[in-house]
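Quick notes on the structure that follows.
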Amino acid sequence: MLNRRKFLALSALGSTALFEKGLLAAGKPNDFTAKPIVVSTWEPGIEANKGAWKILGSGGRALDAVEAGVMVTEASQNCCVGLGANPDRDGYVTLDACIMDEFFNCGSVAFLERIKHPVSVARRVMEKTPHVMLVGSGAQQFAISEGFPLEDQKLSSEAQKAYNYWLKNSEYKPVMNIESKGNRGPSYQPVFKSGEFNHDTIGMVAMDINGNLSGSCTTSGMGFKMRGRVGDSPIIGAGLFVDNEVGACTATGQGEDVIRIVGSHTVVEWMRQGLTPEAACKKAVERIVKIKKDKAKDIQVAFLALNKKGVAGAFAIHKGFSYAIKTGNIEKLIPAKSLMD
Ligand code: ASP
């Protein structure tokens, strides 16, 4: 996990390498009108999209693809989503996820502990219960009844390292959000300052060969959050929304401010009114900035949208957000435009 300044500095370095590998391109979203297509948030989206493509590329359904795609990230101990992620301030990893298909079917879990694939539990909620959302011990009980194994409570070594560092001050005060670079390899050092929030999410939206849209979103939420805190990611309409007539959107960043404007639904409604995905995402971040006034400089929120034509676009409050795109012949990480540096 990186603070914003370091994140930006490292992004610049990382970008060079990614340009060389041909994976990073200047943001020209309208170049990518395609079907099937999958887009997802942040650099781990590259690997997640590959997982989704195994299904999309062979004619499969977008719903299956967005589940399989983010499962790659959930399973990765090298990333900040899933059980390897940072805990809450009491030392427990609590997970939130949701999924939505082309028929307005949706499922969600929040404050879920010790389950490796919350997105799959969310799908079971959608398909096997009359409900949309299950939380906490009820969600865990449901997951177990569906055959999901109860995993070890133990923190990953990286998360333990970060938590120990945070415990030195145990300060819970938002200063500036921290974006996860996604990669916490052997050289990882927790570099955040005490009191800073961090955000760890993958959101994915996809359109399959039949032109149907689906989306998924999964997160450990803010590291060192208050116990019981739930962000936007499992909230249908906030962290994710899909309207198969119009488009789909997912969000990342400070969840409280995404919930405040019911962000992803708002973006989809603006696409319905004719805005491009990028313009709709921009309008949503502008709304947050207007609400937050001076405090906007201290938070990050980004939206990523895909319309029914297969055009993707994104926009963030601050520089540093990127999204991964995959089509039949394109695989790129695209830096999103932002309102502020
Ligand atoms: N939106 C997520 C939350 O607030 C965090 C993130 O996107 O990293 O829980």
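No hydrogens, no waters, no symmetry mates; every other heavy atom, side chains included, goes into these values. We count ligands from 1, going down the list as the structure has it; atoms in each ligand are counted the same way. This chain uses plain numbering: 1 for the first residue, then up along the sequence.
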task: Would you indicate which of Thr252, Thr201, Ile259 comes nearest to atom 2 (C) of ligand 1 when only heavy atoms are counted?
output: Thr201
- request: Out of Ile202, Thr219, Val258, Asp232, indicate the one that has the non-hydrogen atom closest to atom 3 (C) of ligand 1.
  value: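 Among Ile202, Thr219, Val258, Asp232, the closest heavy atom to atom 3 (C) of ligand 1 comes from Asp232.
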field: Qualifying ring pair (Phe, Tyr, Trp, His ring centres under 6.0 Å) pairs, either residue in residues 241-285, two or more places apart
entry: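 Residue pairs passing ring pair (Phe, Tyr, Trp, His ring centres under 6.0 Å), neighbours aside: Phe241-His265.
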task: Please confirm whether Arg124 makes a cation-pi placement over Phe142, using NZ or CZ under 6.0 Å from the six-membered ring centre and within 45° of the ring normal.
output: no
- prompt: Which atoms of ligand 1 have any heavy atom of Gly253 under 4.0 Å away?
  reply: 1 (N), 2 (C), 3 (C), 4 (O), 5 (C), 6 (C), 7 (O)
query: What atoms of ligand 1 come closer than 4.0 angstrom to any heavy atom of Ser233?
result: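 Answer for ligand 1: 1 (N), 2 (C).
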Spatial distance of atom OG (Ser76) from atom CD (Glu47) [nearest 0.5 Å]: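 With rounding to 0.5 Å, OG (Ser76) is 9.0 Å from CD (Glu47).
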query: Hey, are Asp257 and Arg260 close enough for a salt bridge, meaning a charged N less than 4.0 Å from a carboxylate O?
result: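 Salt bridge between Asp257 and Arg260, a charged N being under 4.0 Å from a carboxylate O: yes.
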query: So, Asp298 and Lys292, do they make that salt bridge, N to O below 4.0 Å?
result: no
field: Polar proximity ligand 1 side, Gly255 side, N/O cut 3.5 Å exclusive
entry: yes
- prompt: What do you reckon, does Arg229 have a nitrogen or oxygen under 3.5 Å from a nitrogen or oxygen of ligand 1?
  reply: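 Between Arg229 and ligand 1, an N or O pair is found under 3.5 Å apart.
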- line: At under 4.0 Å between heavy atoms, what of Lys225 touches ligand 1? The answer is neither
message: So that I know where these two stand, are Trp42 and Tyr323 an aromatic pair - ring centroids less than 6.0 Å apart?
response: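 So the answer is no for these two rings.
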